[in-house]
Colleague: 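I'd like to ask some things about the structure below.
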Amino acid sequence: MVLSHVTRFAPSPTGHLHIGGARTALFCWAFAKRHGGGGGSGKFLLRIEDTDAARSSDESARGIMEDLAWLCIDWDEGPTLKYTDSGATRTIGGDPRGVGPFFQAQRLAKYNAAIMRLVEQGKAYPAFETSEELEAARKVAVAAKQTYRYDRASYNKISDIAERIRRMQSGEPHVVRFFAPAEAIVVRDDVLGDVKIAAGELDDFVIRKQDGLPTYHFAVVCDDEAMGVTHVLRAQEHLANTPRHVALQKALGYRTPAYAHMPLIFNVDGTKMSKRDKAKTARKALKDAMAKNGPDYIAAVCAGTKLDEKTLKDFLAAENDSIDTAQKIAAFLKITLPEIEVADFRSSGYLPEAILCYVALLGWNPGLKLPDGKDREKFTLREIGELFTLDRIGKTNSKFDRAKLLSFNADYLAQMTDEQFAQRWWNWCNEELAANDPATTPANADIAALVRTFRSGDTFSPSLVVLARAVKPRAKTFRDAIKSSRFALLTDADVAAQFAADPAPREKNLLANNLQGLTLLREFLPILEQHTPWTGETLHAALEQFAKSKNLANPGPIAQALRVALTGTGVTPGMTETLELIGRDTVLRRVRAVLA
RNA sequence: GGCCCCGUCGUCUAGCCUGGUCCAGGACACAUCCCUUUCACGGAUGUGACAUGGGUUCGAAUCCCAUCGGGGUCACCA
């Protein structure tokens, strides 16, 4: 069978999957799906570009694969991954056509054979300049405001090809350069149209590095041919590389795939979305805190973060952008660092379906309307795979608006049943605890408390579903849901501490109006004491009835008094759920305590 | 700086190819009001954009040109 729509996602394993990479992968996946993925003529494959020996790691490769799997962007061909998600294990990847391996570092023989062929045909040649020499030449060009290009003529040894090969074979350190053709190159792009690059723009770029590994340009071209890739969908930052690839394809006698370069994604302030944003955010927060608290504050930060002063000072001076340091500072200052990688969003409690949908709409839009005439914005992964076409990809860069993502996430959360929410929330809590020890991540202490409180055997107790009902409408992420769950995790001591910390709710809802709140509580207490069974429904009725008997327009005053008595705060989810979850014994004890 | 790409509300966008139905529609955010047992949810309303200047045309967000603005890229990284 001829595979007519083969796409690939080709990350280099130097860290986690970036949110922009996730969109690229999604589009590649969707394009293949749209053209009969799976059993049809469309295939989506994953290739790991680990030709940068120093920066690549197997751990990163695995992390990226897991991030993709979590998003449900499964590759038809590529490294195999056994992925377990809420109990179900699936195997992703494989090599049915025998085009692997999918790690470039394992394909060196293929690259070298092709490179030697080019050298023999006079289309590539060994070069012996040192990086220092080239760097010096580059500096001169930059100083003169000229475009630096590797100047074949100035080395004037090209004709000496036999001599070059001899030196190469004798083991002299060298790189191999591609003999750039002196002709204009047109890149056909399904998003941007034809992009013409004038003759002479290309220089003799390196195709094999001194360490013997091919450069990205060479490996990509080689592999796309070998793997039968027909469509290359990638970010626009690669557009300038494409002429090189087209030139190489011609020299090697390969087919040129169809290209589609998609617009870039930036932060709202227009800067690049990069890991360094985390350090920047932490640094700014630390500086603000120090300005506010005085120079001695650094000692407190050292104690609180368990970082030594030198590390902090270096960090402040922007001498390093350590993510670990940034995270410790963030935990200490109780700020959240910006999410950049898929794993960050996962840890923050976003849903893969929300991320996928949001990110898909950054640069792509099917232009569909809802029955009421409004624009359709919500799509499942499956629908994206059915609707995706290149002509609906835009050309303009976009900014990543977390507020809108949050809103999407809240919508997807709200769509779930209470049972589904409880289940997935529970899974998230346990994953989060497994990944980040609550002892070193203070933000996770509440998660640990929640899991402790609602665990039942090796799963969660039914009351977590009640909690889910209580917090779901006020949570935009799973982590948000933890925040609004605090009321259910409070100890008596926490409540007392709350009263001490903030007397206002007590004043307002218990003591004001001549002790109205306390008076109502005193009268309501016997009703609570006798109340049975202790269910949301019956408690709700009891509250309504009591309000009526007191000639109150609504149960507001008594509900507020209860809320404060039970939690020390004036803000919790609905009173019904609050009473139900805190439980009869604790409710009675705390009401009595307030009345005493 | 060279080369390349792009330019509709603050943000994501629909409309542009195939000019008129667009004094430009939706979503997020923001504001006001309603609902309400606090906080939310929900409902209603509002503020808000065709970068600028020239053409072409009876008519331009839509076609053409220029200007301005933004971005990408110029490695033995990918």
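Just so we're on the same page: letters track the sequence lines, and every chain starts at 1. Keep in mind that this is a model prediction, so the values were computed, not measured.
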Colleague: Going by salt bridge (Lys or Arg N to Asp or Glu O under 4.0 Å), Lys472(A) matches just one of Asp418(A), Asp480(A), Asp411(A). Which one?
Modeller: Asp418(A)

Colleague: Hey, what do you get for CD (Gln560(A)) to OG1 (Thr572(A)), rounding to the nearest 0.5 Å?
Modeller: 8.0 Å

Colleague: With sugar-phosphate meaning primed atoms plus P, OP1 and OP2, does Val175(A) contact a base, only sugar-phosphate, or nothing at under 4.0 Å between heavy atoms?
Modeller: base

Colleague: Would you classify Arg55(A) as touching base, sugar-phosphate or nothing, given that sugar-phosphate means primed atoms plus P, OP1 and OP2, and contacts are heavy atoms under 4.0 Å?
Modeller: base

Colleague: Please work out if Leu562(A) contacts a base, only the sugar-phosphate, or nothing of the nucleic acid, heavy-atom cut-off 4.0 Å.
Modeller: nothing

Colleague: Look through every strand shown and name the nucleotide pairing with rG1(B) as Watson-Crick or G-U wobble, where both distances are under 3.5 Å.
Modeller: rC74(B)

Colleague: Tell me what His261(A) touches on the nucleic acid: a base, only sugar-phosphate, or nothing, going by heavy atoms under 4.0 Å.
Modeller: nothing

Colleague: What residue among Arg486(A), Lys483(A), Arg479(A) forms salt bridge (Lys or Arg N to Asp or Glu O under 4.0 Å) with Asp446(A)?
Modeller: Arg486(A)

Colleague: Partner lookup for rG69(B), please. Criteria are Watson-Crick or G-U wobble with both distances under 3.5 angstrom; report none if nothing qualifies.
Modeller: rC6(B)

Colleague: Using a heavy-atom cut-off of 4.0 Å across all strands, would you classify Ser56(A) as base, sugar-phosphate, or nothing?
Modeller: nothing

Colleague: Syn or anti for rC41(B)? Use the chi torsion, O4'-C1'-N9-C4 for purines and O4'-C1'-N1-C2 for pyrimidines, with syn inside 90° of 0.
Modeller: syn

Colleague: For a side-chain hydrogen bond (donor to acceptor under 3.5 Å, both in side chains) check, start with the C-alpha distance between Tyr125(A) and Asp204(A), then their side-chain angles and the critical distance, and finish with the verdict.
Modeller: CA-CA 9 Å; Tyr125(A) 57 90; Asp204(A) 291 356; 2.5 Å; yes

Colleague: Hey, does the side-chain of Asn241(A) have a donor or acceptor N/O within less than 3.5 Å of a partner on the base of rA78(B)?
Modeller: yes

Colleague: Check nucleotides 13-23 of chain B for protein N or O atoms closer than 3.5 Å to its own N or O atoms and list the pairs.
Modeller:
residue : atom : partner   : partner atom : Å
rU13(B) : OP1  : Gly363(A) : N            : 2.5
rU13(B) : O2'  : Asn365(A) : ND2          : 2.9
rG15(B) : OP1  : Arg392(A) : NH1          : 3.1
rG15(B) : OP1  : Arg392(A) : NH2          : 3.3

Colleague: Mark yes or no for a side-chain to base donor-acceptor pair under 3.5 Å between Arg474(A) and rC41(B), with no hydrogen or angle criteria applied.
Modeller: no

Colleague: Expressed in whole Å, how much space separates the C1' atoms belonging to rG54(B) and rC17(B)?
Modeller: 24 Å

Colleague: For rA44(B), give the paired nucleotide (Watson-Crick: N1-N3 plus N6-O4 or O6-N4; G-U: N1-O2 and O6-N3; both under 3.5 Å), or none.
Modeller: rU32(B)

Colleague: Please check if the distance between the ring centroids of His238(A) and His261(A) is under 6.0 Å.
Modeller: no

Colleague: For rG59(B), give its Watson-Crick or G-U wobble partner with both distances under 3.5 Å, or none.
Modeller: none

Colleague: In Watson-Crick or G-U wobble terms, both distances under 3.5 Å, what is the partner of rU37(B)?
Modeller: none

Colleague: Just name whichever nucleotide pairs with rA27(B), Watson-Crick or G-U, keeping both distances under 3.5 Å, else none.
Modeller: rU11(B)

Colleague: Name the nucleic acid region contacted by Phe205(A), choosing base, sugar-phosphate or nothing; use a 4.0 angstrom heavy-atom cut-off, strictly under.
Modeller: nothing

